[in-house]
J.: 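Pasting a structure here, questions to come.
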Amino acid sequence: MLKKYQYIFFLVFFLTISLAAQKKSRKQLEQDRTRIKKEITMVNKLLFDAKKSEKNALEDLKDLNQKIIVREKYISTINLEVQSLSNEIVIYEKDIQQLDKKLITLKEDYAAMIYKSYKSKSQQNSTLFLFSSKSFYQAYKRVKYMKQYASFRKKQGEEVHLLTNNFLKLKDSLLFQKQLKDTLLSSEEEQKIKIEEEKIDQQKLISEIINQEKKYKRELRKKEQEQKKISERIDKIIKDAIAKSNAIKGAKKSKGFLLTPEAKALAVRFEQNKGKLPWPVESGLITRRFGKQPHPVYSGNYINSTGIHIATKKGSNAEAIFNGEVLAIQTQSEGKKSVLIRHGNYISIYNNLESVYVSDGEKVKTGQPLGKIFTDRITGKTKLIFVLSKNTTRLNPTSWILRN
């Protein structure tokens, strides 16, 4: 009988471990949901609360698309979490049912044992039972038996108490899981309604863009040409710097920077921090990813992004992502500036600055403010264009900076 109760105890133990493992997985989903919810707040704050002096359907559509994508990510995460909760609820219900049956059996056995013990005591006093022994050895065996019986009764009582507590805890947990699931489903429904409303606005903006296609395509080409010129100027600065580092007499020619031992050590430390480098702004939202991407409106057209675009709050500064030295400061159209920081053979580039706080050749530290980010008077947005290179090869900055 004791083995039977040991089995029940281990069932509860392994059940607890199993549920803990599942919660760990759902905890990650919960963290994702919290992070995406913050992203929705940032989208609204940085893209929709900005005061615009002029309406631009193309820009508005880009922002709206981003908001819809983030909401859909949020719904997807909720679905995964609800699915995980549903699985947990099924497990809870099955285990509560099993535990309830075991508890009923255990209580019945315990009650029968108490009754039998009471009957035995009324019929024969334990002292008489002991003194009626025919030999000392029999008396010793009877004392041992009575101690074991008392210990077993105590053990059974504790087992009943333990299983009762676990049963109640499981029922409370089940109720909590069901309430959480209902809350998530309600939140999901709210997001779906908002997406439907936003998709109506999306169609209106698309119609407006189609009606003024020439105007918006002209603006798009102008922006692309401007970005191309900036990129070409930056490439020239880097190539000239590489050529200068290779101009040392007797040095072996290389396509990349010829590094001093100090610069080599800096580059190694930079590489070791891949995926852990801080953001180039205190807080922000990526509004354009790195690489070739399809245009959100014009099918067949692509945007080739040499870096990432980060929307941030007005008055924000660009900050150095690692120790280094100012390679160059360049002034672009409309007086906007770019700062290039060299980290060995890595270069971090901070475009679209209104003003600059550093000078050529200056040593900078991680997190040091480099300049104030430009705020567009038409769109009302503050945006940093952040580019990362190894020698002349562009890198995807999101692979290097911390996940926000």
Side-chain angles (χ1 to χ4, degrees), residues 42-56 58-60 62-63 66 219-220 222-238 277-290 303 305-322 324-343 347-389 394 397 401 404:
M42 287 189 80
V43 166
N44 285 320
K45 189 176 179 181
L46 299 176
L47 304 184
F48 289 87
D49 289 351
K51 291 178 182 178
K52 304 175 183 181
S53 63
E54 291 178 27
K55 195 174 180 297
N56 185 306
L58 200 60
E59 193 72 24
D60 291 345
K62 182 169 71 72
D63 295 344
Q66 178 140 2
E219 285 178 8
L220 194 62
K222 186 182 174 184
K223 282 184 180 179
E224 284 174 352
Q225 285 166 2
E226 186 183 334
Q227 287 300 318
K228 190 180 177 184
K229 282 178 186 176
I230 292 169
S231 187
E232 284 170 353
R233 286 178 196 146
I234 286 168
D235 281 342
K236 188 176 184 308
I237 290 170
I238 295 170
L277 293 166
W279 273 50
V281 290
E282 188 179 342
S283 65
L285 176 77
I286 295 174
T287 56
R288 184 186 288 182
R289 298 275 166 186
F290 172 80
I303 298 166
S305 181
T306 57
I308 56 173
H309 292 208
I310 304 173
T312 187
K313 57 187 178 182
K314 189 177 180 180
S316 293
N317 292 322
E319 298 173 355
I321 61 164
F322 202 70
E325 182 182 325
V326 178
L327 178 65
I329 295 164
Q330 190 169 51
T331 302
Q332 312 294 352
S333 61
E334 299 176 19
K336 289 182 279 186
K337 295 172 175 64
S338 299
V339 173
L340 286 76
I341 307 292
R342 184 181 163 192
H343 321 273
I347 303 100
S348 56
I349 302 146
Y350 311 78
N351 291 329
N352 205 40
L353 303 182
E354 182 182 308
S355 57
V356 171
Y357 310 142
V358 290
S359 54
D360 279 345
E362 184 180 335
K363 299 278 186 183
V364 297
K365 297 286 185 185
T366 305
Q368 181 178 329
L370 304 173
K372 186 180 176 183
I373 302 166
F374 178 79
T375 299
D376 193 299
R377 63 176 184 82
I378 296 172
T379 63
K381 291 174 194 167
T382 306
K383 176 182 69 180
L384 175 72
I385 301 170
F386 179 64
V387 181
L388 192 61
S389 286
R394 295 282 189 263
I401 58 175
N404 203 359

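Since we're looking at a predicted model, the values are computed, not measured.
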J.: Yes or no on side-chain contact (heavy atoms from CB on, under 4.5 Å) for I401 and I308, after CA distance, side-chain angles and deciding distance?
T.: CA-CA 11 Å; I401 58 175; I308 56 173; 4.2 Å; yes
J.: Mark yes or no for whether K337, through its side chain, and G335, through its backbone, hold a donor-acceptor pair below 3.5 Å.
T.: yes
J.: Which atom pair, heavy atoms only, marks the closest approach of W279 to I310?
T.: CZ3-CG2, 3.8 Å
J.: Please assess L384 against N351 for the test side-chain contact (heavy atoms from CB on, under 4.5 Å), listing each intermediate value before the final yes or no.
T.: CA-CA 6 Å; L384 175 72; N351 291 329; 5.8 Å; no
J.: Using modelled atom types and a 3.5 Å cut-off, is there a donor and acceptor pairing between side-chain atoms of T312 and backbone atoms of S283?
T.: yes
J.: Output yes when a side-chain donor or acceptor of Q227 lies under 3.5 Å from a complementary backbone atom of S305, and no otherwise.
T.: no
J.: Distance check, rounded to the nearest 0.5 Å: L58 atom CG versus L220 atom CG?
T.: 6.0 Å
J.: Walk me through it: do F290 and L388 pass the test side-chain contact (heavy atoms from CB on, under 4.5 Å)?
T.: CA-CA 10 Å; F290 172 80; L388 192 61; over 6 Å; no
J.: A side-chain contact here means heavy atoms from C-beta on lying under 4.5 Å apart; do P280 and E319 qualify?
T.: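 P280 vs E319: side chains apart.
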J.: Closer than 3.5 angstrom, by distance alone: can the side chain of D360 be matched with the main-chain N or O of I329 as a donor-acceptor pair?
T.: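 Looks like yes, one N/O pair under 3.5 Å.
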J.: Does a side-chain heavy-atom distance below 4.5 Å link E226 with K336?
T.: yes
J.: Is the CD atom of E224 crowded by more than 12 outside heavy atoms at less than 6.0 Å?
T.: yes
J.: Provide the closest heavy-atom pair for Y357 versus E362 in the form atom of the first, atom of the second, distance.
T.: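 What the structure gives for the nearest pair is O-OE1, 4.5 Å.
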J.: Measure the CZ-NZ distance between F374 and K383 for me, rounded to the nearest 0.5 Å.
T.: 10.0 Å
J.: NE2/H343 to OG/S389 distance, rounded to the nearest 0.5 angstrom?
T.: 10.5 Å
J.: Going through the checks in order, is the salt bridge (charged side-chain N to carboxylate O under 4.0 Å, His left out) test met by K62 and E59?
T.: CA-CA 5 Å; K62 182 169 71 72; E59 193 72 24; 3.6 Å; yes
J.: Quick one: pull up CD1 in I237 and CD in Q330 and give me the separation to the nearest 0.5 Å.
T.: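 One finds 4.0 Å between CD1 of I237 and CD of Q330.
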J.: N352 side chain to I385 main-chain N or O, any donor-acceptor pair under 3.5 Å?
T.: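 A pair under 3.5 Å: no.
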J.: Evaluate K228 against D235 for salt bridge (charged side-chain N to carboxylate O under 4.0 Å, His left out), listing each step before the verdict.
T.: CA-CA 10 Å; K228 190 180 177 184; D235 281 342; over 6 Å; no
J.: State, with a plain yes or no, whether a side-chain heavy atom of T306 is found less than 4.5 Å away from one of I349.
T.: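 In short, these two side chains do not touch, never coming nearer than 4.5 Å.
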J.: Would the distance check show the side chain of D376 and the main-chain N or O of I378 forming a donor-acceptor pair, the cut-off being under 3.5 Å?
T.: yes
J.: Measure the spacing between CD1 of I341 and CD1 of I321 and express it to the nearest 0.5 Å.
T.: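 Separation between the atoms: 9.5 Å.
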J.: Looking only at heavy atoms, which two atoms of G361 and E325 are closest? And how far apart?
T.: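 Smallest heavy-atom distance, with atoms named: O-CG, 3.6 Å.
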J.: Checking salt bridge (charged side-chain N to carboxylate O under 4.0 Å, His left out) against D63, which of K381, K45, R288 comes through?
T.: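 Per the salt bridge (charged side-chain N to carboxylate O under 4.0 Å, His left out) rule, the option paired with D63 is K381, out of K381, K45, R288.
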J.: Ignoring hydrogens and angles, state whether a donor on the side chain of Q332 or S338 is under 3.5 Å from an acceptor on the partner side chain.
T.: yes
J.: Would you check if L353 and I373 make a side-chain contact, meaning some heavy-atom pair closer than 4.5 Å?
T.: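 A side-chain contact under 4.5 Å exists here.
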J.: Would you compute the distance between atom NE2 of H309 and atom CD1 of I303 and round it to the nearest 0.5 angstrom?
T.: 8.5 Å
J.: Grab the two heavy atoms, one from S359 and one from V326, that are nearest each other, plus how far apart they are.
T.: O-CB, 3.3 Å
J.: Which residue, K313, K314, K372, forms the side chain to side chain contact (heavy atoms under 4.5 Å, CB included) with T382?
T.: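 The residue from K313, K314, K372 that satisfies side chain to side chain contact (heavy atoms under 4.5 Å, CB included) with T382 turns out to be K314.
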J.: Y350 and S348: side-chain donor and acceptor closer than 3.5 Å?
T.: yes
J.: Considering all heavy atoms of both residues, which atom of V387 and which atom of G307 are nearest to each other, and what is their separation?
T.: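 The pair with the smallest heavy-atom distance is CG2-CA, 4.0 Å.
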J.: Looking at every non-hydrogen atom in both residues, tell me the closest pair between A311 and T287 and how far apart they are.
T.: CB-CG2, 3.8 Å
